[in-house]
There are 2 protein chains.
Amino acid sequence: MPIQPIARVQNDVGAELRGIALQMFAENGYAGTSLQQIADAAGYSKSSVLYHFGSKESLFDAALRPAVEQLSLFLDSIVEKLTADDRRDGFVTEFIDLLLEHRLAAHIIINQGQTLSDIVVVDEARGLIDRIGESFMVGLPTPAQRIRLGVALAGAAYVMVASRPSVAEIEDVAEVREALIDVVTELITPLSR
Amino acid sequence: MPIQPIARVQNDVGAELRGIALQMFAENGYAGTSLQQIADAAGYSKSSVLYHFGSKESLFDAALRPAVEQLSLFLDSIVEKLTADDRRDGFVTEFIDLLLEHRLAAHIIINQGQTLSDIVVVDEARGLIDRIGESFMVGLPTPAQRIRLGVALAGAAYVMVASRPSVAEIEDVAEVREALIDVVTELITPLSR
DNA sequence: GCAGGCGCTGACCGATCGGTCAGGATACTC
DNA sequence: GAGTATCCTGACCGATCGGTCAGCGCCTGC
């Protein structure tokens, strides 16, 4: 067995707790999920959970962090490409794939976002989402156009998220993915300058 | 002053509590809103709230009941008209107006629905929504078509609901209303038989 | 005057919340 | 073997949760 330099098991437990917590937060909400429930589901004691993550909010932050990180990268790529190119085709695919990859995190931020506005990671995520919206909104002066964009993005996000999070897999991910890309592209395309 | 036959003040207090509770449930979530907070906001004691509504869930039920009632009527009108007429134009307007009238209730059901699936009134509402979806879905065999419908309805609902519920009024309700009707109609029309 | 119902309240209940703390168990270093 | 750091735990804390209950003041009917 190869050498494990430092902190092997710790990362495993941390990742395990993050995953379980993410799923339970998505299913029952942040306020509706207690540390005791998370600990029971993971097979640890509540104290042990608080040993790895100093507080409930810290665990919540750690669970959502990867999604927010990637959302930030997505925002950067948008800004970069929108200045060099006036077409928006590629962004739709990236957006849908981002949602697909972080379904649970998206579910939490979308459904509990404004309830948890005092939590740091949620505020960050909502700020990023706002900036993404603004990036797309550039050149869309009329409310009608903005609402069209809103329906496209929010509709796609909500459709993906609406299925109960306990049902892990959508019937046919590839099919859903393509259908979403199609309809969102159709809604967004006429908005190009 | 005209005669008030029975229970005048009681209805006022009940309606007042329902309204305050509806707003607070929408803002902070069901689990995130305590009876004490509702009582404080209404200027009563927690005991008094529990006097009018026997339990927290009972108050929640009473707050959401009117919206669910009207949603049920909407479902009936859909079924009735869809069998007599093959056009879907009028339903979009009715749907948007229903959302506009019960914004807070829609916000709660949409954002906290699957979290509160064990509460009666929420289950009722979600059942109605499912049946409305099925009514529209008739004749839409492919997942692509269903997703298109889902994006339209969910997108419209979420856009209307996405603004923080504390911000009571949208900038221009009429404008938003027309824009939503337009885009939803556009998405739904090609789905007609 | 008085009996009784109604609206409302504070005191109180057990349960659960997030979080602290001292210490047990294991394993690695010297 | 002694010392030490890591992982984990049960006991415990104050606060808050939803809910119960006896009793308050007040109005009404008799």
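Values reported hereafter were calculated over all heavy atoms of this structure, with side chains retained and with hydrogens, waters and symmetry mates removed. Numbered from 1 within each chain, the chains take letters A, B, ... in sequence-line order.
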Requested in this report: Indicate yes or no for a side-chain donor-acceptor contact from A:Gln112 to the backbone of A:Phe25 under 3.5 Å, with no hydrogens or angles considered.
Outcome: yes

Report task. For A:Met160 and A:Ile96, run side chain to side chain contact (heavy atoms under 4.5 Å, CB included): C-alpha distance rounded to whole Å, both residues' side-chain angles, the deciding distance at 0.1 Å, then the answer. Result -> CA-CA 9 Å; A:Met160 190 164 314; A:Ile96 302 290; 4.1 Å; yes

Query - Rounded distance (Å) that lies between atom P of D:dA22 and atom OH of B:Tyr51 - result: 16 Å

Query raised in the report: Donor-acceptor pair, A:Arg177 side chain versus A:Asp97 backbone, under 3.5 Å?
Result: no

**Report entry** Expected output: side-chain B:Ser135 to main-chain B:Arg131 donor-acceptor under 3.5 Å
**Finding:** yes

Query raised in the report: Does the side chain of B:Ile188 reach to within under 4.5 Å of the side chain of B:Phe91, using non-hydrogen atoms?
Result: no

**Report entry** For B:Ala31, all residues meeting side-chain contact (heavy atoms from CB on, under 4.5 Å), sequence neighbours excluded
**Finding:** A:Ala31

Report task. Find the distance A:Glu16:CD to D:dC7:P and express it as a whole number of Å. Result -> 14 Å

Report summary line: In short, salt bridge (Lys or Arg N to Asp or Glu O under 4.0 Å) pairs touching residues 42-62 of chain B with sequence neighbours left out are B:Asp61-B:Arg65

**Report entry** Any A:Ser48 side-chain N or O less than 4.0 Å from OP1/OP2 of D:dT9
**Finding:** yes

Requested in this report: Starting at CD of A:Glu69, measure out to CG of A:Leu128 and round the result to the nearest 0.5 Å.
Outcome: 9.0 Å

Report task. Using side-chain contact (heavy atoms from CB on, under 4.5 Å) as the criterion, list what pairs up with A:Gln37, not counting sequence neighbours. Result -> A:Met24, A:Thr33, A:Ser34

**Report entry** Per-nucleotide protein contact string for nucleotides 14-21 of chain C (B base, S sugar-phosphate only, - none; heavy atom under 4.0 Å)
**Finding:** ---SBBB-

Requested in this report: Check whether any side-chain N or O of A:Tyr44 sits under 3.5 Å from a backbone N or O of A:Val13 as a donor-acceptor pair, and report yes or no.
Outcome: no

Query - A:Phe53 CZ to D:dC8 P, straight-line distance once rounded to whole Å - result: 11 Å

**Report entry** Length of the line joining B:His52:NE2 and C:dG7:C1', which is rounded to integer Å
**Finding:** 6 Å

Query - Degree of bending, the helix from C:dG1-D:dC30 to C:dC30-D:dG1 (end axes from five pairs; round to 10°) - result: 20°

Taking N or O atoms only and anything under 3.5 Å, show me the protein contacts with nucleotides 22-27 of chain C, one pair per line.
none

Requested in this report: Find out whether B:Ile110 and B:Ile129 are in side-chain contact, i.e. whether some heavy atom of one side chain is under 4.5 Å from a heavy atom of the other.
Outcome: no

